[in-house]
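Model, not experiment: these values are computed from the prediction.
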Amino acid sequence: MSYLASFNNDSAKQILMDIIRTVNQPENSKKLSEAKASAGKEMILMMQHVFPLVMQLQLEVIKAHGFPGNREGLVQFSQLIREMERDDMEIARLRSQIRAIYLPPIAINTTNDILI
């Protein structure tokens with residue numbers, strides 16, 4: 001767990017930027033575009049096709065930065081990022097960019113919504 005000793009806001013930002021760069025590499029971008037096209041705007045299909053690709057790319061990046069390259073490592077990294085984003089708007093912005101890849105925008109019609 002020596003990777004945690006040096007993990008701070010700057011390293012968090014670096015890892016998030018590396019994830020974004022990895023996602024935007026031509027071969028990864030192509031895979032994601034194909035997955036998004038097959039999913040359309042269906043949230044369930046996005047979670048089945050796009051989400052796993054993004055998670056795999058994130059695993060590869062965080063592993064290169066010393067985190068375990070498994071589900072537990074990804075959960076740990078995500079929890080740390082969520083804690084840090086409360087106090088660092090840049091971390092929040094970068095995390096939002098990554099989330100936007102696999103979470104389609106949701107249109108909410110507030111005039112017709114009823115809150116119970």
Side-chain angles (χ1 to χ4, degrees):
M1 288 208 179
S2 62
Y3 58 92
L4 289 177
S6 62
F7 190 73
N8 57 33
N9 285 29
D10 290 333
S11 57
K13 291 174 195 173
Q14 184 61 53
I15 294 171
L16 291 169
M17 288 187 288
D18 287 350
I19 291 169
I20 293 168
R21 273 193 287 276
T22 300
V23 164
N24 288 325
Q25 290 175 350
E27 65 274 10
N28 296 330
S29 182
K30 182 179 181 211
K31 288 179 193 174
L32 285 166
S33 293
E34 290 168 355
K36 284 181 178 183
S38 71
K41 292 188 185 242
E42 294 293 324
M43 179 61 84
I44 292 174
L45 293 177
M46 286 288 275
M47 297 316 269
Q48 289 175 336
H49 299 284
V50 180
F51 183 76
L53 289 174
V54 175
M55 293 304 108
Q56 184 58 45
L57 295 172
Q58 285 188 47
L59 277 174
E60 292 170 13
V61 172
I62 67 168
K63 184 178 178 183
H65 286 273
F67 281 84
N70 56 27
R71 183 180 181 278
E72 290 77 25
L74 189 56
V75 168
Q76 183 181 42
F77 174 75
S78 297
Q79 288 173 338
L80 290 167
I81 293 298
R82 278 196 303 273
E83 290 172 18
M84 294 173 131
E85 76 178 352
R86 293 179 192 144
D87 300 320
D88 191 316
M89 295 306 294
E90 180 65 7
I91 290 175
R93 185 186 69 76
L94 292 167
R95 181 172 176 260
S96 292
Q97 275 186 274
I98 295 167
R99 287 174 51 97
I101 297 165
Y102 61 86
L103 291 176
I106 299 172
I108 299 174
N109 184 347
T110 57
T111 58
N112 294 332
D113 286 347
I114 299 173
L115 299 176
I116 298 175

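By the 4.5 Å heavy-atom criterion applied to side chains, Val23 and Ile98 are not counted as neighbours. Between Leu103 and Met46 the shortest side-chain heavy-atom distance does not fall below 4.5 Å. By the 4.5 Å heavy-atom criterion applied to side chains, Ser38 and Glu34 are not counted as neighbours. Side-chain atoms of Met84 and Phe7, non-hydrogen and from C-beta on, do get closer than 4.5 Å to each other.
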Got a list of side-chain donor-acceptor pairs under 3.5 Å for residues 57-71, not counting sequence neighbours?
unit_1	atom_1	unit_2	atom_2	d
His65	NE2	Asp18	OD2	2.7
Asn70	OD1	Glu72	N	3.2
Asn70	OD1	Gly73	N	2.9

Salt bridge (Lys or Arg N to Asp or Glu O under 4.0 Å) between Glu90 and Arg93, intermediate numbers included: CA-CA 5 Å; Glu90 180 65 7; Arg93 185 186 69 76; 2.6 Å; yes

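Separating the CG atom in Asn9 from the CD1 atom in Ile91 is a distance of 4.0 Å, to the nearest 0.5 Å. The distance from atom CG of Leu74 to atom CD of Gln56, rounded to the nearest 0.5 Å, is 9.5 Å. Leu32 contributes atom CG, which lies 10.5 Å from atom CD of Glu27 (distance to the nearest 0.5 angstrom).
More than 12 non-hydrogen atoms from other residues, nucleotides or ligands lie less than 6.0 angstrom from NZ of Lys13.
Taken together through direct or relayed side-chain contacts under 4.5 Å among Ile, Leu, Val, Met, Phe, Trp and Tyr, Met43 and Ile101 form part of one hydrophobic cluster. Both Met55 and Leu94 sit in one connected hydrophobic cluster of ILVMFWY residues. Membership requires side-chain heavy atoms under 4.5 Å apart, directly or through other members. Clustering ILVMFWY residues whenever any of their side-chain heavy atoms sit less than 4.5 angstrom apart, transitively, puts Leu80 in the very cluster that holds Met17. Under a hydrophobic clustering in which Ile, Leu, Val, Met, Phe, Trp and Tyr are joined whenever their side-chain heavy atoms come within less than 4.5 Å, directly or via other members, Ile15 and Ile20 fall into the same cluster.
Across every non-hydrogen atom of Ile81 and Ala12, the tightest pair is CD1-CB, 3.6 Å. Contact record, Ser11 with Ser6: OG-O, 3.5 Å, taken as the closest heavy-atom pair. When every heavy atom of Ala35 is checked against every heavy atom of Leu53, the shortest pair comes out as CB-CD1, 3.7 Å.
Residues that satisfy the side-chain hydrogen bond (donor to acceptor under 3.5 Å, both in side chains) test with Asp87, not counting sequence neighbours, are absent from this structure. Scanning for side-chain hydrogen bond (donor to acceptor under 3.5 Å, both in side chains) contacts around Asp10 gives an empty result, with sequence neighbours left out.
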